[in-house]
Asks: 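Sharing a structure here in structure tokens format.
What you see is a predicted model; the values in this text were computed from it and never measured. Just follow the structure's listing: the first ligand is 1, and inside any ligand the first atom is 1.
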Amino acid sequence: MSDEILINNDRFTLYLSEEKIQKRVKELAAQINNDYRAKVPIFIGILNGSFIFFSDLIRDITVDCEVDFLKLSSYGDAKISSGQVKLLKDLNCEVKGRDIIVVEDVVDSGLSIDFMKKIVMKENPASFRVVTLLLKSSVAKIDFPIDYVGFEIPPEFVIGYGLDYAQKVRNLRSIYRLAPNSPVQR
Ligand code: IMP
Ligand code: MG
């Protein structure tokens, strides 16, 4: 795959290569395996964006675990958040007394993860942690820690490895960012 891609006249350049992502995912899994020895956590993926990160991460998890998914509304087709989060698919698992690890692709404004935490905490889990591949730390407004962070990134629009642009390009193996001189940069 080339270092530069063009989508609807927007130019994206390579930001995090497949190799770099894979190495970091393994490091995150190792950390989680170490922290959850003798526990049976439930990994909850937030759809759609986290599905690729989730499936790579979970295959490097060696402790007994369960998985579930929850679907939240996305950006729609825009590159900026609508500021509103909606629950599109609820959890199926029993959260009470369980160790919950939420898996996110990117924490941007923090609205989604905040919303998600409220849903989970209502059910009285034994513990609640978050693993996100990307964190736009300068933007995120949350009053709890993100326990495992793959990469802290600037507040730029990124795509690939699960992250979409108008629902497309989730299947790219690497992560790309909008080029600085792209005509529609916001
Ligand atoms: P937040 O609620 O603003 O933290 O945004 C969370 C969700 O918005 C993420 O789970 C992504 O699905 C989506 N999102 C945030 N930033 C980006 C981006 O740069 N590219 C694509 N999707 C994004
Ligand atoms: Mg997401």
Asks: Please report the interatomic distance OH(Tyr36) to CG(Asp99), rounded to the nearest 0.5 Å.
Replies: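 CG of Asp99 is found 6.0 Å from OH of Tyr36.
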
Asks: Here's a test for you: under side-chain contact (heavy atoms from CB on, under 4.5 Å), which of Leu172, Leu133, Val169, Leu134 qualifies with Tyr161?
Replies: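 So the option named by the test is Leu133.
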
Asks: Show which atoms of ligand 1 fall inside a sub-4.0 Å distance from at least one heavy-atom site of Ser109.
Replies: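 Contacts of ligand 1 toward Ser109, numbered from 1: 1 (P), 2 (O), 3 (O), 4 (O).
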
Asks: As a test of understanding, state which of Val120, Asp68, Ile119 forms a side-chain contact (heavy atoms from CB on, under 4.5 Å) with Val95.
Replies: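 Exactly one option meets the side-chain contact (heavy atoms from CB on, under 4.5 Å) with Val95, and it is Val120.
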
Asks: Under a 4.0 angstrom heavy-atom cut-off, which atoms of ligand 1 come close to Leu111?
Replies: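 Checking each atom against Leu111, I get 2 (O), 4 (O).
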
Asks: Closest by any non-hydrogen atom to atom 17 (C) of ligand 1: pick that one out of Lys136, Glu156, Arg177.
Replies: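 It is Lys136 whose heavy atom sits nearest to atom 17 (C) of ligand 1.
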
Asks: Atom 6 (C) of ligand 1: which of Gly162, Ser112, Gly160 has the nearest heavy atom?
Replies: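 Of the listed residues, Ser112 has the closest heavy atom.
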
Asks: Within a distance under 4.0 Å of any heavy atom of Glu104, pick out the atoms of ligand 1 and give their elements.
Replies: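 Ligand 1 atoms under the 4.0 Å threshold to Glu104: 10 (O).
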
Asks: Does the residue Gly49 have a heavy-atom contact with ligand 1, meaning some pair of atoms that are separated by less than 4.0 Å?
Replies: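 It does not, in that no heavy atom of Gly49 comes within the 4.0 Å cut-off of ligand 1.
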
Asks: Within the structure, does Gly110 bring an N/O atom to less than 3.5 angstrom of an N/O atom in ligand 1?
Replies: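 Between Gly110 and ligand 1 (N or O atoms, distance only) the closest approach is under 3.5 Å.
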
Asks: Which of the atoms of ligand 1 are close to Phe157, meaning less than 4.0 Å from one of its heavy atoms?
Replies: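 Close to Phe157: 18 (C), 19 (O), 20 (N), 21 (C).
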
Asks: With a 4.0 Å cut-off, would you call Asp164 and Lys168 a salt bridge?
Replies: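 Salt bridge: no.
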
Asks: Check Glu94 with Arg98, please: is the shortest side-chain N to carboxylate O separation under 4.0 Å?
Replies: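 Here Arg98 does not pair with Glu94 in a salt bridge, since their nearest N and O are not under 4.0 Å apart.
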
Asks: Is Ile21 linked to Ile58 within one hydrophobic cluster, defined over Ile, Leu, Val, Met, Phe, Trp and Tyr using a side-chain heavy-atom separation of less than 4.5 Å?
Replies: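 Yes.
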
Asks: Give a yes/no verdict on whether any heavy atom in Ile113 is under 4.0 Å from an atom of ligand 1.
Replies: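 Checking ligand 1 against Ile113, which is what was asked, there is no heavy-atom contact under 4.0 Å.
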
Asks: Give the atom numbers and elements of ligand 1 that come within less than 4.0 Å of a heavy atom of Asp105.
Replies: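 Matching atoms, with element in brackets: 9 (C), 10 (O), 11 (C), 12 (O).
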
Asks: Looking at ligand 1, is there an atom of it that comes within less than 4.0 Å of some heavy atom belonging to Asp164?
Replies: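 Per 4.0 Å heavy-atom rule, Asp164 contacts ligand 1.
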
Asks: Is it the case that more than 12 heavy atoms not belonging to Lys89 sit under 6.0 Å from its NZ atom?
Replies: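 Atom NZ in Lys89 is crowded, with more than 12 foreign heavy atoms closer than 6.0 Å.
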
Asks: Strictly below 4.0 Å, N to O, side chains only: are Lys136 and Glu152 in salt-bridge contact?
Replies: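 Answer for the salt bridge query: no.
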
Asks: Among Leu134, Ile153, Val106, which one puts a heavy atom closest to atom 9 (C) of ligand 1?
Replies: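 Of the listed residues, Val106 has the closest heavy atom.
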
